[in-house]
**Q** 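Mind having a look at this structure? Questions to follow.
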2 protein chains.
Amino acid sequence: MTRPKQRPLTLRDVSEACGVSEMTVSRVLRNRGDVSIKTRNKVLEAAKTLGYVPNQIAGSLASQRVNLIAVIIPSLSNMVFPEVLTGINKTFEGTPLQPVVGVTDYLPEKEEQVLYEMLSWRPSGVIIAGLEHSDAARAMLQGAGIPVVEIMDADGNPVDAMAGISHRRAGRMMASAILKEGYSRIGFMGTKMPLDHRARKRFEGFTEGLTKAGIEIEARDFYSGGSALAKGREMTHEMLQRSPDLDFLYYSNDMIAAGGLLYLLDKGVDIPGQIGLAGFNGVELLQGLPRQLATMDACRTEIGAAAAQIILDRNALPEDADPGPPVRMTLTPKITFGDTLRRSRRG
Amino acid sequence: MTRPKQRPLTLRDVSEACGVSEMTVSRVLRNRGDVSIKTRNKVLEAAKTLGYVPNQIAGSLASQRVNLIAVIIPSLSNMVFPEVLTGINKTFEGTPLQPVVGVTDYLPEKEEQVLYEMLSWRPSGVIIAGLEHSDAARAMLQGAGIPVVEIMDADGNPVDAMAGISHRRAGRMMASAILKEGYSRIGFMGTKMPLDHRARKRFEGFTEGLTKAGIEIEARDFYSGGSALAKGREMTHEMLQRSPDLDFLYYSNDMIAAGGLLYLLDKGVDIPGQIGLAGFNGVELLQGLPRQLATMDACRTEIGAAAAQIILDRNALPEDADPGPPVRMTLTPKITFGDTLRRSRRG
DNA sequence: TTGAAAGCGCTAACAA
DNA sequence: TTGTTAGCGCTTTCAA
C-alpha cells in the first residue's frame with residue numbers, strides 16, 4: 001500500500017522476505033526444477049503478499065527467450081484486420097506466446113520502422129500482412145533468424161512461411177461467376193489505395209477474367225476517405241448517371257457495396273434482375289441488410305489462426321532441428337451468392 | 001545474407017566491424033552525447049551494412065527505462081476500441097512511446113492476467129478501459145508506480161488519472177431528449193452483457209431519466225452474439241409484436257439500431273413520426289443509411305488522444321517532481337438528432 | 001532439493 | 001570526444 005513507488009520489487013525482495021535464495025524463488029515462480037512443497041508455499045505467499053510482478057525484461061535477457069510475436073498489419077479501422085487478430089489471439093491462448101501488434105497505415109516506410117522497432121524486442125516470430133515489402137524490410141525479416149509468416153495474400157514470393165488467399169484468383173472467380181449469369185455491362189468501384197496490393201490484385205484478376213471472355217469493364221471509379229457506406233451511395237449514383245446501362249456492379253469491399261445496395265433499393269431498382277451487385281469480404285457485421293449481398297469470404301480468422309499455428313509449430317521444434325521447407329498455405333475463398341447476384345443453377 | 005541465423009548481432013559486432021568502442025557505437029545509435037562526425041559515419045555505415053538491430057531488452061534493463069505503454073481493452077470486434085486505439089496511436093506518433101495492446105474479452109480474470117503480463121514488461125504507463133477492476137487488478141495498478149489512465153467511463157473512482165464520459169449521464173440525456181419530443185411509450189434493446197459496465201450504466205441512466213418524469217420503460221430485450229444488424233431487425237420485429245403501441249425505441253448501440261431502422265423502413269413505418277429511434281456511439285461507418293440515425297457521440301478518438309497525452313505529460317516530468325493531483329477528464333457527449341428523432345425546436 | 005557464480009547485451013557514471 | 005567499469009534483474013550452469 002505505502003511501498004515506495006519508485007523501485008519495483010525484485011526477486012531479491014521476495015528472497016529476503018521468505019528467507020529462500022533468489023534462485024529458488026525464481027524456480028518456484030517459473031515452476032521449473034524440483035522445489036519442496038514447503039519452500040514453494042513460503043515463496044508463493046511472500047510473492048503474493050508483496051505483490052511481486054516478475055521482470056520479463058531481465059528474464060528474457062538472461063534466458064535469451066522472448067515470448068512475444070510481432071504482428072504487423074496495415075490498419076485497425078478496416079474490420080478485416082481485427083478479425084485476423086482474433087484468429088491469432090485464439091490460437092495463442094493458453095500458450096506462452098503473446099502477440100504484439102504494430103500498424104503501418106499501408107505505408108512502406110512506416111512498415112519498415114514498425115518492423116525495426118518490433119525486432120528490437122527480439123520477438124520469437126513475425127506475422128506480417130502482405131507479400132510486398134521494401135528491400136530493407138525483407139532484409140530485416142530474412143536476417144532476424146526467426147519464423148516469419150506473411151499473411152492474407154498468396155500472389156508473390158514469401159520470405160519464409162505464408163498463409164493467405166490468392167486475390168487475383170478471387171477476382172477471376174468473381175468475374176466468371178458474374179459472366180456465367182449473363183451479366184455483361186460491368187462497373188467497378190473501389191478504394192483509391194495504390195498501396196493496398198490485395199485490392200489491386202483483386203481488381204487485376206477481375207479485369208483479367210473479364211478480358212478472357214472478351215469483355216471489358218465499362219466504368220470504374222475509385223474513392224478515398226469518408227464513410228464507406230455513404231461513398232457507396234454517392235459513387236453508385238454517379239456511376240449510373242454516367243453509364244445507365246450497366247447491369248452489374250462489383251465493389252472492392254462489402255461496406256461500399258452495402259451503400260450501393262441501399263441506394264439502388266431506394267431507387268426501386270430490381271436487384272439482381274436489372275442490376276447485380278457483389279462485394280468482397282463476407283463481413284458478418286452486414287448480415288441483416290434488406291438483401292444479402294453477394295460476396296467472397298476472405299478467410300480472415302482462419303488465416304490468423306493458421307499463421308499463429310505455423311509459428312507455434314516452428315517454436316516447438318528443438319533448437320537445432322531442421323525446420324524443413326517453409327509452410328505455404330493457400331486458402332480458397334468461396335463465393336456467397338446471397339440475393340444480389342442471379343443464380344441460374346446451383347454452383 | 002548467409003550470416004548464421006542463430007546469433008543476432010550485438011553492439012560488439014558493430015564495434016569490431018568499425019573499430020570503435022561499444023560505448024561510442026551505442027552513443028551514435030541513440031544520438032546521445034557528442035561524437036565526431038567521422039566516427040559517427042563509420043559506425044552508422046557498419047551498423048547498416050551488418051543489418052544491426054539494437055536489443056531493446058538489454059537496453060531497457062540497463063537504462064531502467066521502457067518506452068512501452070500498456071493499453072488494455074475489452075475487445076477488438078467492437079469498432080469503438082480500434083477507434084480509441086487510433087487516437088492513442090496518433091498522439092504517440094513521433095514520440096518514443098509505443099502502445100502495446102491487450103484484450104480482455106470483458107472478463108475480469110482475463111483482465112487481471114493480461115495486466116500482470118503487461119506489467120511484467122515494466123511499461124511506462126497503463127491505459128485501461130473502464131473503472132471496474134478486481135481488487136487484485138487495482139492493487140497491481142496502484143503498486144506499479146507508473147501513470148495509469150482509466151478511460152471511456154467517468155462514473156466511479158479511478159485509481160489515478162481518468163478520461164471518459166459519464167454513461168449514466170448519457171442515458172439520462174437521451175431520456176430527456178426523447179421525452180421532450182413527446183414520445184412516451186418507450187422500448188429498449190441492448191446487448192446481454194453483464195460485464196459491459198458502460199452499457200449497463202447507460203441503461204440505468206436512461207431508465208432513471210424516464211422515471212424522474214414518471215415514465216417507465218414498456219418493453220426491454222437483450223441479446224448476445226450474432227450479427228448486430230440482423231439482431232436489430234429480429235428484435236425490433238419481436239418487440240413490436242408484443243408491444244405494438246411503442247412510439248420510441250432506444251438501442252444500446254448504433255449497429256442494432258441500424259438493423260431496427262432498416263426493418264421499420266421495410267415495413268413502411270413512418271420514422272420519426274410514428275416511431276422514433278436512437279442508438280449510441282456515432283459510428284462513422286454507418287453514415288449513408290437511408291435515414292441518419294439519432295445517436296450520441298462517445299468521443300472515442302478524443303478519449304484515446306487525451307489518455308495518451310496524460311501519459312506523455314506525466315512522463316515528461318522530472319523523475320522526482322510532484323505530479324500534482326491526477327488528471328480527471330470528463331468529456332461531454334453530444335446528441336445527434338439525425339432523422340430518426342423528432343426535433344420540435346433547435347437544441 | 002538448494003545455492004553460488006557468471007553473464008545475457010546494453011547504458012550510466014565516471015575517467016582519460 | 002572517447003573509453004572503462006560496473007551493474008540492470010534475471011536465468012544458466014554447475015557445485016553442494
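This is a predicted model, so every value here is computed, not measured. So you know, we letter chains A, B, ... as the sequences are listed, proteins then strands, and number each from 1.
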**Q** Has the side chain of Thr49(B) got a donor or acceptor atom that lies under 3.5 Å from a matching backbone atom of Glu45(B)?
**A** yes
**Q** Show me the donor-acceptor pairs within less than 3.5 Å that the side chains of residues 8-15 of chain B make with the rest of the protein, sequence neighbours left out.
**A**
residue, atom, partner, partner atom, Å
Thr10(B), OG1, Arg12(B), N, 3.2
Thr10(B), OG1, Asp13(B), N, 3.4
Thr10(B), OG1, Asp13(B), OD2, 3.3
Asp13(B), OD1, Arg7(B), NH2, 3.3
Asp13(B), OD2, Arg7(B), NH1, 3.0
Asp13(B), OD2, Thr10(B), N, 2.7
Ser15(B), OG, Val20(B), O, 2.6

**Q** Taking NZ, NE, NH1 and NH2 as the nitrogens, is one of them in Lys110(A) or Asp105(A) under 4.0 Å from a carboxylate oxygen of the other?
**A** yes
**Q** Can you pull the contact range of chain B along DNA chain D, 5' to 3', using atoms under 4.0 angstrom from its heavy atoms?
**A**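 The contact span of chain B on DNA chain D goes from dT1(D) to dG9(D).
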**Q** Under the side-chain contact (heavy atoms from CB on, under 4.5 Å) rule, what do Ile128(A) and Val149(A) come out as? Steps first, then yes or no, please.
**A** CA-CA 6 Å; Ile128(A) 185 169; Val149(A) 188; over 6 Å; no
**Q** Tell me whether Asp153(A) contacts the main-chain N or O of Leu131(A) through its side chain, where contact means a donor paired with an acceptor under 3.5 Å.
**A** no
**Q** Thr24(A) side chain N/O closer than 4.0 Å to the phosphate oxygens (OP1, OP2) of dT1(C)?
**A**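 No, outside the criterion.
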**Q** Looking at residues at least two apart in the chain, or sitting in another chain, which of them share a side-chain contact (heavy atoms from CB on, under 4.5 Å) with Ser63(B)?
**A** Arg65(B)
**Q** Identify each atom pair where a protein N or O and an N or O of nucleotides 9-12 of chain C are less than 3.5 Å apart, giving names and distance.
**A**
residue, atom, partner, partner atom, Å
dG9(C), OP1, Gln64(A), NE2, 3.2
dG9(C), N2, Ala58(B), O, 3.2
dC10(C), OP1, Tyr52(B), OH, 2.2
dC10(C), OP1, Asn55(B), N, 3.4
dC10(C), OP2, Leu11(B), N, 2.5
dT11(C), OP1, Arg30(B), NE, 3.2
dT11(C), OP2, Ser26(B), OG, 2.2
dA12(C), OP1, Arg65(B), NH2, 2.7
dA12(C), OP2, Arg30(B), NH1, 3.3

**Q** In chain order, what residues pass the side-chain contact (heavy atoms from CB on, under 4.5 Å) check against Asn41(B), with sequence neighbours excluded?
**A** Ile37(B)
**Q** State which residues pass salt bridge (Lys or Arg N to Asp or Glu O under 4.0 Å) with Glu302(B); sequence neighbours excluded, sorted by chain then number.
**A** none
